[in-house]
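If you read the sequence from its start, that first residue is 1, and numbering goes on from there.
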Amino acid sequence: MAGCREKPVPGGETNKPEVQTEARELTELKDRIKADGKLIGVAYLGWIEGDTETACKDLAGLDYTKDLPFIKGIEKYAENEGYRMYLVVPADDSVTISVCKCEFDDEYMPYDGEELIEANEPILVRGNISDTIPNLYVIAKKGSEKVCYTPVQSGMDGRLENSETKVYDFTPYDFMAEFSAYDRVPDAVFCGSWVGFKNDGNDEERVLILYLKADGYASYAYGLGNSEILEKFEGTWTLDENDILKLELVGGPPESVENPVVAEPYDCNPSFEWEMTTEGLSLTHIDGDEILYGTKGQTFEFEENGEDVGL
């Protein structure tokens, strides 16, 4: 990615104050990374489309990158398929960063594939078609120290996945519109994409996919294995004064959504007690419609849909 270096000013001199500001901001960021005991800092910078030159220009012009002015001067860039942009910054010049393609073994454990770039300076990285499935693999080394990290967003709250605190997260959450809704919904810890398996009243196993966004959007589908959708719904979720999760959905068989004239959609409005567990999200049906035939009053166990399991 071509960076935007010092800007010419009348008389042929460069804009020294701006360059000094960029250098100071980068130095201060590196100091924070080192103070946190990390080798690298990583920030998620949003979905940036376009070719390399367009993406560079658009990224540098965003309001939420104004506190990262050194972005304009970054010349190291790597990408895989996808448009999610990340910024990787070493704690100091002795840290070597390698960005590789992320591959998966037979047990779905990630490992580093083809190397895309290696540097001892800030790198912009773009990739990840899915927000929770990585195709980027970052390795940071300093002497005997080594950190391996796959930058993705958490399915729980959409933020940069850092559950093992491997990196210093400096994502500008407070200034990015896609995260503003989380501040308005303090109990949105259950937001994300969830997958569960449950037998219906006919003892037939179904795959259930539940998607909850922090802005109140909800979608739900169930079907056979990971191919055939039996019914799907869209709508909203809310929490009442007793912390009960209520879904107000409309849908039915796929043809009811795609062509309401052929099959009329219907309402599905269940209520659940909810709990975050070590495995994921637990929902106990307490009122309203069933989301699966014959499961009134039953508990559904969901885990993060991080492998695109399901429909």
Both conditions, 6.0 Å and 45 degrees, for the charged tip of R32 above the ring of F170: are they met here?
no
Per the salt bridge (charged side-chain N to carboxylate O under 4.0 Å, His left out) rule, which among E49, E79, E81 passes with R126?
E79
Distance under 6.0 Å and angle within 45° of the ring axis: does K66 meet both against F175?
yes
Is there a donor-acceptor contact under 3.5 Å from the side chain of K38 to the main chain of D36?
yes
Test side chain to side chain contact (heavy atoms under 4.5 Å, CB included) on K141 and V95; report intermediate values, then the result.
CA-CA 6 Å; K141 295 180 181 178; V95 177; over 6 Å; no
Report yes or no: is the cationic atom of K198 (NZ for Lys, CZ for Arg) closer than 6.0 Å to the six-membered ring centre of F300, at no more than 45° off its axis?
yes
What about the rings of Y217 and W237, do their centers lie closer together than 6.0 Å?
no
Side chain to side chain contact (heavy atoms under 4.5 Å, CB included) between Y86 and L136, worked out
CA-CA 10 Å; Y86 302 89; L136 300 167; 4.1 Å; yes
Atom CZ in F272, atom CG in L210: separation rounded to 0.5 Å?
8.0 Å
Which of these, T52, I74, I117, sits in a side-chain contact (heavy atoms from CB on, under 4.5 Å) with L124?
I74
Walk me through it: do D131 and V152 pass the test side chain to side chain contact (heavy atoms under 4.5 Å, CB included)?
CA-CA 6 Å; D131 54 355; V152 289; over 6 Å; no
For side chain to side chain contact (heavy atoms under 4.5 Å, CB included), just list the numbers for M85 and V125, CA-CA rounded to whole Å, side-chain angles, deciding distance to a tenth of an Å, and then say yes or no.
CA-CA 6 Å; M85 188 76 79; V125 188; over 6 Å; no
Taking the side chain as every heavy atom from C-beta outward, state whether I97 and I139 have any pair of such atoms under 4.5 Å apart.
no
Ring centers of Y266, F233 separated by less than 6.0 Å:
yes
Determine whether E118 and T96 make a side-chain contact, defined as any pair of heavy atoms from C-beta on separated by less than 4.5 Å.
yes
Does N269 offer a backbone N or O that forms a donor-acceptor pair with the side chain of D289 under 3.5 Å?
yes
